[in-house]
J.: 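The structure that follows is given in the form of structure tokens.
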Amino acid sequence: MSHSSDLFERAKRLIPGGVNSPVRAFRSVGGTPFFTKKANGATLTTADDQDLIDFVCTWGPAIHGHNHSVIRDAIAEALNKGTSFGTPNPYEVEMAELLVEMVPSLEKIRMVNSGTEATMTAIRLARGYTKRNKIIKFEGCYHGHVDSLLIKAGSGALTLGNPDSAGIPESLAAETIVLPFNDLESVAAAFEKYSDEIAGIILEPYPANIGLIFPKSGYLQGLRDLCTQHGSVLIFDEVMTGFRVSAGGVQTKEGITPDLTTLGKIIGGGLPVGVLGGKAEIMDHLAPLGPVYQAGTLSGNPLAMAAGIASLKLLKDSDAYNRLEKMGAQVKEAISSTLNEIGLPGQIPQVGSMFCLYFTDTPVENLDGATATNTNRFNKYFHTCLGNGVYIPPSKYEGNFISTAHDQGGIDQACDVFANALRAL
Ligand SMILES: *Cc1c(COP(=O)(O)O)cnc(C)c1O
């Protein structure tokens, strides 16, 4: 078996940057990424035979840890029947019933193959349904690599978007209004200025692709009210938070009903899946019933459905969320008490099994706040943790995840590593 460094050299010759998704390349923390040859429970085994306690959990999906026997058996059973049919299959119906039961705002759903596809289709649907073009998104919210959503910021609250990535036409970016998160007034002002042009608002209700940010009290309700008032579609992108913070996502926790929701990650049980869903009246605008086209050769794939169904049922039938919350609280306590002990500025936003560490005292409420946190300190902290057998996300902007496969011994051990890594700063 080759070592990580050899594999990375070979990969770089044929794959841009040696990776199939950029953050895996360790560019922001520096160093060479490790390759994983297998994963079990809460442990990754690298190509260099190092065992790591995993707090990335495949960037969110692995809420049951890796290679869970129930999910593996479900996939194996589906595999015995064939991998793809190109016709409707029974798993799709079971998945739809499960999702609609577990997430109250969902009346109808459409399965796709990734979170990106889900958000791409959701904004197309919002536009097709309202016959309007403009979409409001918020700085620092990530919705996959959809052209019109891959836009961070213009200067000033009402500036129309500048593309974040090369290859996105300005004319397309101009249809995206980018506003700071947690500032309801700027959203109200946008509605005033573009009154009849706004098809919808898309947001991560807890932005978790710039660390972890919570909405101010009344903010989500304010967005709900503005959308209702102006006939715009409110889209909660819960690809990350869905089934992570609770079975019904942030919307259930906060008691807000969006018009459309996008989900992914956990609902695939480790296989590639996304879904959009919401009000039947809106969803029925999708082809073949309505004029908004959307399709997928492998959508509703039986293996992915079987893995997802097994994963959701495990969450439904256990006290997983209580256990996850306890472990999350323990990590938060370990880190914040160490920060206090050594007098280092920092904070650790946490909800259930999701947390991040910001190296700043200033409360982080939006992208600017997250950007202003100390990067060098984070990068040093990351490498110390990794060197001591704990893998956290290789960027200060990514959320950390705990799985039901983490056990008390592993969490205790990781808390020691976190504390010592902080002391070493
Ligand atoms: C990961 C993520 C996406 C994109 O999902 P992919 O499956 O990577 O395309 C979209 N929105 C949010 C909030 C995400 O966290």
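Numbering of residues begins at 1 and proceeds along the displayed sequence. All of these numbers come straight from a predicted model, not from anything done at the bench. Atoms within a ligand are numbered from 1 in the order they appear, just like the ligands themselves.
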J.: What do you reckon, are the aromatic ring centroids of Y397 and Y142 less than 6.0 Å apart?
T.: no

J.: Under a 4.0 Å threshold between the charged nitrogen and the carboxylate oxygen, would R127 count as salt-bridged to E175?
T.: no

J.: Please list, by chain and number, the protein residues whose heavy atoms come under 4.0 Å of ligand 1.
T.: S114, G115, T116, Y142, H143, G144, E204, N209, D237, V239, M240, K265

J.: If we count only N and O atoms by modelled type, under 3.5 Å, do the side chains of K81 and Y91 hold a donor and an acceptor together?
T.: yes

J.: Tell me yes or no: between the side chains of T43 and D51, is some donor less than 3.5 Å from an acceptor?
T.: no

J.: Look at R110 together with E117 and state whether they make a salt bridge at an N to O cut-off of under 4.0 Å.
T.: no

J.: Tell me if the aromatic rings of F418 and F55 count as close, with their centers under 6.0 Å from one another.
T.: yes

